[in-house]
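A short worksheet on the structure shown next.
Numbered from 1 within each chain, the chains take letters A, B, ... in sequence-line order.
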Amino acid sequence: MSKDERQVKKITPKTEDFSRWYVEIVQKAELADYTPMKGMMVIRPYGYAIWENIQRLMDQRIKATGHVNAYFPLFIPESFLKKEAEHVAGFTPEVAWVTMGGKEELEERLAVRPTSEAIIGYLYSKWIKSWRDLPVLINQWANIVRWEKVTRPFLRTTEFLWQEGHTCHETAEEAEAETLKVLGFYKEFCETELAIPVLAGRKTLREKFAGAQMTYAIEALMSDGKALQMGTSHNLGQHFSKAFDIKFEDRNQTLQYVWQTSWGTTTRMIGALIMAHGDDSGLRLPPRVAPIQAVIVPISMGNWKESVLPKARAVEDNLKKAGVRVSLDAREEFTPGWKFSEHEMRGVPLRIEIGPRDIAAGQAVLVRRDRKTKETAPLDGLTVKVPALLDEIQSSLFQEATKFLADNTRAAGTYEEFKDILENKKGFVTSLWCGSESCEDKIKNETMATIRVIPLENEERSGRGACVCCGREAETLAYFARAY
RNA sequence: CGGGACGUGGCGCAGCCUGGUAGCGCACAUGCUUGGGGUGCAUGGGGUCGUCGGUUCAAAUCCGACCGUCCCGACCA
């Protein structure tokens with residue numbers, strides 16, 4: 001077997017079978033593993049370290065916008081879930097129930113939270129009395145259970161981790177502003193930290209959250225041409241405050257129901273990182289969320305333990321002091337070539353090779369994971385060079401993904417064009433839409449595509465043409481795609 | 001829940017058609033060797049063949065039921 005064949009054998013090429021490629025990366029990069037329960041995965045230390053970085057960076061944004069963290073119960077009494085009619089109808093098909101406590105049958109069964117609006121609504125009704133109590137800006141980091149029929153690691157699992165914000169406001173305008181503010185930092189987060197460009201917009205009524213007045217979302221394009229929802233922000237209006245009796249005395253001494261929002265992002269973002277940036281050698285992690293930003297691989301030759309290793313340790317120490325998440329791979333049981341492949345699979349953004357020849361020349365070989373390009377750099381300049389290179393990799397990944405999104409977003413004026421793009425080119429299709437659910441359904445049935453978002457910034461194009469489906473006067477421009 | 005495929009050491013598979021008590025590659029362990037793109041050699045450990053039942057002197061192999069997984073559809077962050 002040639003070396004090339006051996007390399008290829010390691011992973012199914014993305015173009016050959018995208019979902020197999022995806023699952024193989026998840027397992028070979030040790031992000032997650034399957035467990036004995038269908039749809040339940042274990043997030044392994046390396047995958048969890050990515051999540052911790054995401055959490056930290058997202059939490060900063062949540063707090064910077066005035067929110068505080070709290071923790072609410074895992075269980076929700078059935079009667080609570082039932083208070084908001086649309087909410088219970090939307091979530092009942094996927095709720096897991098607790099009916100026994102030890103040997104005792106419970107008087108009222110408890111839902112394992114599929115989302116926490118109901119339990120939090122109850123508590124807000126206890127806590128909020130006056131306009132002086134508003135706004136309430138609370139977030140929680142928690143696990144959620146939804147009994148999904150089809151599951152895939154990170155993208156859709158029975159249990160998953162997320163953050164869910166739940167806020168209460170005095171006025172409808174304030175709630176709407178909050179909803180959009182969160183959508184804004186979600187977008188900024190994805191683009192800055194994950195290097196994934198997203199479309200921000202509102203969902204159609206058909207696609208909105210069960211119980212919301214209006215749902216907004218950010219949508220990204222995966223490299224197989226399918227869209228993935230990366231986060232949602234809901235304006236709940238007074239739906240839940242009326243159901244849970246969350247009232248306050250306003251500035252005019254009259255009783256009012258609060259205006260609420262809720263919003264969330266999940267471990268699904270790890271799946272997005274894989275599908276947006278990965279290649280046939282494995283993951284390509286953006287430096288800002290990579291658990292290991294740079295790995296030092298000493299080239300083990302001759303008396304390398306005496307000649308190379310001490311120098312490599314010194315480089316490691318200096319980079320650590322410079323704030324780089326660096327790791328020295330001094331394992332003796334693997335050859336350098338083996339380590340190169342492994343760290344590529346795990347998506348480590350930068351590899352630093354130091355061998356006898358480099359020591360002699362006072363340099364190191366730097367290899368970028370994103371482009372696999374090599375360059376040499378003086379050893380004593382690494383504390384400046386490495387952080388700069390990491391920044392460059394971060395922005396280069398973002399530019400690459402941005403170009404991909406632009407190249408794969410196409411306008412369709414006729415339904416024939418529309419179907420042709422979805423069938424043969426994939427990606428997003430922008431078209432005018434009349435606003436009717438019948439066209440939305442027809443398109444979904446015939447092309448498997450749904451309206452991912454109605455863009456906020458392009459709404460002024462409304463009404464300037466005919467609906468791509470029925471030909472009637474259009475109401476708005478919409479982004480369509482097949483989605484995960 | 002409908003259509004299809006598949007369950008054999010940790011992983012990927014062969015063996016099944018034509019029953020005779022399990023094999024290969026990778027991984028793992030030990031030793032030597034090698035080391036700038038998955039080094040090579042030797043030795044070794046590990047499987048009641050998804051479960052239950054039936055046929056048979058004898059079942060991984062034939063028959064039945066059940067369970068589970070994966071892919072394709074409807075539901076979903």
Side-chain angles (χ1 to χ4, degrees), chain A residues 1-12 17-20 23-24 27-28 33-39 89-95 114-115 143-152 154-164 186 203 206-210 215 217-220 227-234 262-272 281-282 297-305 308 331-345 351-361 363-365 367 372 374 376 441 444-445 448 450 483-484:
Chain A
M1 186 193 298
S2 78
K3 274 175 187 165
D4 276 359
E5 281 173 283
R6 202 186 277 138
Q7 294 274 99
V8 168
K9 264 203 163 334
K10 287 295 164 184
I11 185 170
T12 303
D17 185 340
F18 194 82
S19 35
R20 220 174 131 176
V23 170
E24 285 178 9
Q27 300 208 71
K28 291 198 162 136
D33 203 357
Y34 293 97
T35 69
M37 289 85 63
K38 175 180 156 54
F91 280 101
T92 298
E94 50 190 67
V95 167
T115 179
N143 58 339
I144 291 295
V145 169
R146 296 183 188 176
W147 220 261
E148 301 285 358
K149 287 177 179 150
V150 179
T151 58
R152 298 181 83 186
F154 293 112
L155 299 179
R156 177 160 298 110
T157 48
T158 304
E159 180 185 10
F160 58 92
L161 305 181
W162 75 351
Q163 57 73 212
E164 49 178 327
Y186 277 177
K203 288 285 185 182
R206 185 188 196 286
E207 302 274 328
K208 82 173 171 60
F209 175 75
T215 288
I218 47 171
E219 292 273 337
L228 183 74
Q229 183 169 310
M230 302 277 290
T232 50
S233 183
H234 316 291
S262 71
W263 27 275
T265 55
T266 76
T267 36
R268 170 182 273 188
M269 290 192 291
I270 298 172
S281 304
V297 179
I299 304 303
S300 38
M301 287 180 84
N303 65 337
W304 69 282
K305 276 192 251 181
V308 175
R331 291 175 298 175
E332 289 178 52
E333 63 271 37
F334 298 107
T335 59
W338 196 95
K339 293 176 184 175
F340 296 168
S341 301
E342 192 192 31
H343 294 121
E344 276 167 12
M345 179 59 67
R351 182 171 78 236
I352 304 171
E353 301 174 17
I354 303 177
R357 293 207 298 263
D358 302 308
I359 301 281
Q363 64 178 33
V365 176
V367 188
K372 296 200 182 172
K374 291 191 182 193
T376 56
D441 285 342
K444 183 170 184 186
N445 291 333
M448 296 194 299
T450 49
Y484 277 95

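The pair A:K444-A:E207 does not meet the salt-bridge criterion, since no charged nitrogen lies less than 4.0 angstrom from a carboxylate oxygen.
For the C1' atom pair drawn from B:rA60 and B:rC28, the interatomic distance equals 25 Å after rounding to whole Å. Spacing between B:rG15 and B:rG54 at atom C1', rounded to whole Å, works out to 24 Å. Rounded to whole Å, the P atom of B:rG7 lies 9 Å from the corresponding atom of B:rC13. Rounded to whole Å, the C1' atom of B:rA5 lies 16 Å from the corresponding atom of B:rG50. Nucleotides B:rG3 and B:rG45 have their P atoms positioned 48 Å apart, rounded to a whole Å. As rounded to the nearest Å, B:rG2 and B:rC57 have P atoms that lie 40 Å from one another. B:rG64 and B:rC1: their C1' atoms are spaced 24 Å apart (whole Å). Distance noted for atom C1' between B:rU56 and B:rG47: 25 Å (whole Å).
Going from atom CZ of A:F334 over to atom C1' of B:rG35 covers 14 Å, rounded to whole Å. Rounded to whole angstrom, the span from the NZ atom of A:K208 across to the C1' atom of B:rA77 amounts to 16 Å. Between the C1' atom of B:rA77 and the NZ atom of A:K149 lies a distance of 17 Å, rounded to the nearest Å. Distance CD (A:E159) to P (B:rA77): 18 Å, rounded to an integer number of Å. One atom, CD of A:E353, and another, P of B:rG35, lie 16 Å apart when rounded to the nearest Å. One interatomic measurement links the two molecules: NZ of A:K339 to P of B:rU34, which rounds to 17 Å at whole-angstrom precision. As a whole-Å value, the separation of A:E94 CD from B:rA77 C1' is 9 Å. For the pair A:E333 CD and B:rU39 C1', the computed distance is 14 Å after rounding to whole Å.
Closest to the side chain of A:W338, from the set B:rU39, B:rC70, B:rG37, is B:rU39. Taking only side-chain atoms of A:M448, from C-beta outward, the nucleotide of B:rG73, B:rG36, B:rG38 with the closest atom is B:rG73. Side-chain proximity of A:F340 to the nucleotides B:rC75, B:rG37, B:rG35 is greatest for B:rG37. Listed nucleotides B:rA74, B:rA77, B:rG35 differ in distance to A:V150; the shortest reach to its side chain belongs to B:rA74. Among the nucleotides B:rG36, B:rG37, B:rC75, the one closest to any side-chain atom of A:E148 is B:rC75. In the set B:rA74, B:rA77, B:rG35, B:rA77 carries the atom at the smallest distance from any side-chain atom of A:T266. Ranking B:rC75, B:rG37, B:rC70 by closeness to the A:K444 side chain, first place goes to B:rC75. Between B:rG37, B:rA77, B:rG35, one nucleotide has an atom nearer to the side chain of A:I299 than all others, and that is B:rG35.
Within the 4.0 angstrom heavy-atom criterion, no nucleotide atom of any strand lies near A:G264. Here A:S281 lies out of heavy-atom contact (under 4.0 Å) with every strand. Among the atoms of the strands shown, base atoms are found under 4.0 Å from some heavy atom of A:E332. Base engagement by A:S300 is indicated by at least one non-hydrogen atom pair under 4.0 Å involving a base atom. A:R152 comes within contact range of no nucleotide atom at all, as no heavy-atom separation falls under 4.0 Å.
Looking only at atom types and distance, the side chain of A:T158 has no donor-acceptor partner in the side chain of A:E148 under 3.5 Å away.
Ring planes of A:Y186 and A:W263: perpendicular class, angle over 60° (limits at 30 and 60°). Taking the six-membered ring for Trp and thresholds of 30 and 60 degrees, A:W162 and A:F160 have ring planes more than 60 degrees apart, a perpendicular arrangement.
For the pair A:P356 and A:V308, the minimum side-chain heavy-atom distance is below 4.5 Å. Taking 4.5 Å as the limit, some side-chain heavy atom of A:T115 sits within range of a side-chain heavy atom of A:F209. Looking at heavy atoms from C-beta onward, A:E332 lies in side-chain contact with A:W304 at the 4.5 angstrom threshold. Between A:R152 and A:S19 there is a side-chain heavy-atom pair separated by less than 4.5 Å. You'll find the side chain of A:R351 reaches within 4.5 Å of the side chain of A:E344, heavy atoms only.
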Can you check nucleotides 3-11 of chain B for protein contacts, nitrogen or oxygen pairs under 3.5 Å, and list what you find?
none

Secondary structure of RNA chain B per the Watson-Crick/G-U criterion (both distances under 3.5 Å; [ ] crossing, | other strand, . unpaired) is ((((((((.[[[[.)....(..]]]].(((((.......))))).....[[[[[..)....]]]]])))))))....

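With rounding to the nearest 0.5 angstrom, the CE atom of A:M230 is 6.0 Å from the CD1 atom of A:I218. A distance of 11.0 Å separates OH in A:Y34 from OG1 in A:T157, rounded to the nearest 0.5 Å.
Taking only distance into account, the side chain of A:E342 never meets the base of B:rG38 through a donor-acceptor pair shorter than 3.5 Å. In the interface, the side chain of A:T335 is not paired with the base of B:rG35 through any donor and acceptor atom under 3.5 Å apart.
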Step-by-step side-chain hydrogen bond (donor to acceptor under 3.5 Å, both in side chains) determination, A:K203 to A:T232
CA-CA 9 Å; A:K203 288 285 185 182; A:T232 50; over 6 Å; no

Given side chain to side chain contact (heavy atoms under 4.5 Å, CB included), test A:R357 with A:M301 step by step and report yes or no.
CA-CA 10 Å; A:R357 293 207 298 263; A:M301 287 180 84; 5.8 Å; no

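Comparing A:L155 and A:R20 along RNA chain B, the residue whose closest nucleotide (by nearest heavy atom) sits nearer the 5' end is A:R20. Mapping A:G355 and A:G231 onto RNA chain B by nearest heavy atom places A:G355 at the nucleotide closer to the 5' end.
Residue A:F160 and nucleotide B:rA77 are classified as a stacked aromatic pair, their ring centres being separated by less than 5.5 Å at an interplanar angle below 30°.
A sub-4.0 Å separation between OP1 or OP2 of B:rA27 and a side-chain N or O of A:K28 is absent.
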